[in-house]
Amino acid sequence: MAQADFLITTERVGLRPWLEGDIPAMAAISGDREVMRFFPAPATYKQTEEFIHRMQKSYTDRGYCYFPVFLLATKRLIGFTGLLYQTYEGLPFMPCTDVGWRLDKSVWGKGLATEAARACLTFGFENCRLNTIYATCPQVNTPSERVMKKLGMSRQGTFMHPRLKDAPHLQPCVYYSVDKERTRS
């Protein structure tokens with residue numbers, strides 16, 4: 001895979017639209033209990049396949065999605081980072097576009113989530129003409145909240161996630177946002 005094949009590149013990672021061949025590697029990452037510790041359960045192969053098909057549709061419809069992330073040095077898929085239009089019911093900041101990530105545990109603690117997410121924020125503001133981008137996570141997910149802070153996002157509040165009613169320990173969530181104008185300062 002040549003660097004020119006990537007839609008977004010940083011010093012260490014490349015992001016591009018999903019291909020069917022990405023499913024097995026992403027299924028292994030999303031099926032890992034430790035990677036999915038802040039989700040109700042690890043994803044099955046079928047759930048990962050459906051997720052990737054939803055991302056392909058999002059990219060076709062909106063020009064963005066949670067993109068697969070590859071290490072430039074090895075061309076290995078290490079997870080996803082990107083933007084997704086969200087429509088949870090009954091929340092004051094919905095609908096919105098959020099920035100999200102999920103990386104293989106072998107690359108945790110190296111700043112790759114922050115690096116890739118920062119590039120996705122720039123892509124969202126410059127290429128997709130978004131004005132505000134949000135991020136959410138369960139309150140217990142302090143590693144993701146730390147990434148939000150490193151991205152310069154501001155904490156806006158808390159909410160009970162309507163899609164996590166069956167996982168009460170994950171339902172209390174935080175949400176952050178960043179504006180296009182703030183990223184210029």
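We find the NE2-OG1 distance between His161 and Thr136 to be 5.0 Å, quoted to the nearest 0.5 Å. To the nearest 0.5 angstrom, Ile78 atom CD1 is 9.5 Å from Phe70 atom CZ. Note: Asp98 CG to Phe93 CZ = 8.5 Å, rounded to the nearest 0.5 Å. The CZ atom of Arg163 sits 6.0 Å away from the CD atom of Gln86 when rounded to the nearest 0.5 Å. For the atom pair CG (Leu15) and CG (Leu77), the distance works out to 9.5 Å, reported to the nearest 0.5 Å. Separating the CD1 atom in Ile52 from the CZ atom in Phe80 is a distance of 9.5 Å, to the nearest 0.5 Å.
Counting all heavy atoms, side chain and backbone alike, Leu170 lies closest to Pro40 at CD1-N, 3.6 Å. Closest approach of Leu103 to Ile29, counting heavy atoms only: C-CG2, 4.2 Å. Considering every non-hydrogen atom in both Leu130 and Phe125, the closest pair reads O-CD2, 3.1 Å. Taking each heavy atom of Gly152 and Val178 in turn, the nearest pair found is O-CG2, 4.1 Å. Nearest heavy-atom pair across Gly82 and Cys120 is CA-SG, 3.6 Å. The shortest heavy-atom contact between Ala119 and Thr10 is CB-CG2, 3.5 Å.
Inter-residue side-chain proximity for Val107 and Arg76 is flagged as met; some heavy-atom pair is nearer than 4.5 Å. Looking only at side-chain heavy atoms (C-beta outward), Ile23 and Tyr45 come within less than 4.5 Å of each other. Residues Val147 and Thr114 meet the side-chain proximity criterion, which asks for heavy atoms closer than 4.5 Å. Pro42 places none of its side-chain heavy atoms less than 4.5 Å from the side chain of Asp32. Side-chain atoms of His53 and Glu20, non-hydrogen and from C-beta on, do get closer than 4.5 Å to each other. Looking at heavy atoms from C-beta onward, Leu72 lies out of side-chain contact with Arg12 at the 4.5 angstrom threshold. Pro162 has its side chain out of reach of Met94: every pair of non-hydrogen atoms, C-beta onward, lies at least 4.5 Å apart. Residues Lys110 and Glu115 form no side-chain contact, since every pair of their non-hydrogen atoms from C-beta on lies 4.5 Å or further apart.
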Given side chain to side chain contact (heavy atoms under 4.5 Å, CB included), test Leu71 with Leu112 step by step and report yes or no. CA-CA 9 Å; Leu71 287 176; Leu112 293 169; 3.8 Å; yes

Verdict with reasoning, Glu50 to Lys46, per salt bridge (Lys or Arg N to Asp or Glu O under 4.0 Å): CA-CA 6 Å; Glu50 291 167 353; Lys46 178 103 174 115; 3.7 Å; yes

What's the verdict on side chain to side chain contact (heavy atoms under 4.5 Å, CB included) for Cys137 and Val174, showing C-alpha distance, side-chain angles and the deciding distance? CA-CA 6 Å; Cys137 71; Val174 297; 3.7 Å; yes

Evaluate the criterion side chain to side chain contact (heavy atoms under 4.5 Å, CB included) for residue pair Leu83 and Ile133; output intermediate values, then yes/no. CA-CA 8 Å; Leu83 306 168; Ile133 298 173; 4.0 Å; yes

Met153 and Val99: CA distance, side-chain angles, deciding distance, side chain to side chain contact (heavy atoms under 4.5 Å, CB included) verdict: CA-CA 11 Å; Met153 300 183 91; Val99 60; 4.1 Å; yes

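Linking Ile, Leu, Val, Met, Phe, Trp and Tyr whenever their side-chain heavy atoms come within less than 4.5 Å puts Leu164 and Val140 in one cluster. If you chain together hydrophobic residues whose side chains sit under 4.5 Å apart, Phe38 and Tyr175 never meet in one group. Both Leu7 and Tyr85 belong to a common hydrophobic cluster when Ile, Leu, Val, Met, Phe, Trp and Tyr are linked at side-chain heavy-atom distances under 4.5 angstrom. Hydrophobic clustering (ILVMFWY, side-chain heavy atoms < 4.5 Å, transitive): Met36 and Leu84 are in one cluster.
Side chain of Asp22 to main chain of Leu19: a donor-acceptor pair is present (N/O by atom type, distance under 3.5 Å, no hydrogens or angles). Of the possible polar contacts, one joining the Arg118 side chain to the Lys150 backbone as a donor-acceptor pair under 3.5 Å is found. When atom types are taken as modelled, the side chain of Asp179 and the backbone of Glu181 share no donor-acceptor pair closer than 3.5 angstrom. A donor-acceptor distance shorter than 3.5 angstrom exists from the side chain of Trp18 to the backbone of Tyr66, with no hydrogens or angles considered. For the pair Thr60 (side chain) and Gln56 (backbone), a donor-acceptor distance under 3.5 Å is present.
Within a 6.0 Å sphere centred on CG of Asp61, other residues, nucleotides and ligands contribute more than 12 heavy atoms.
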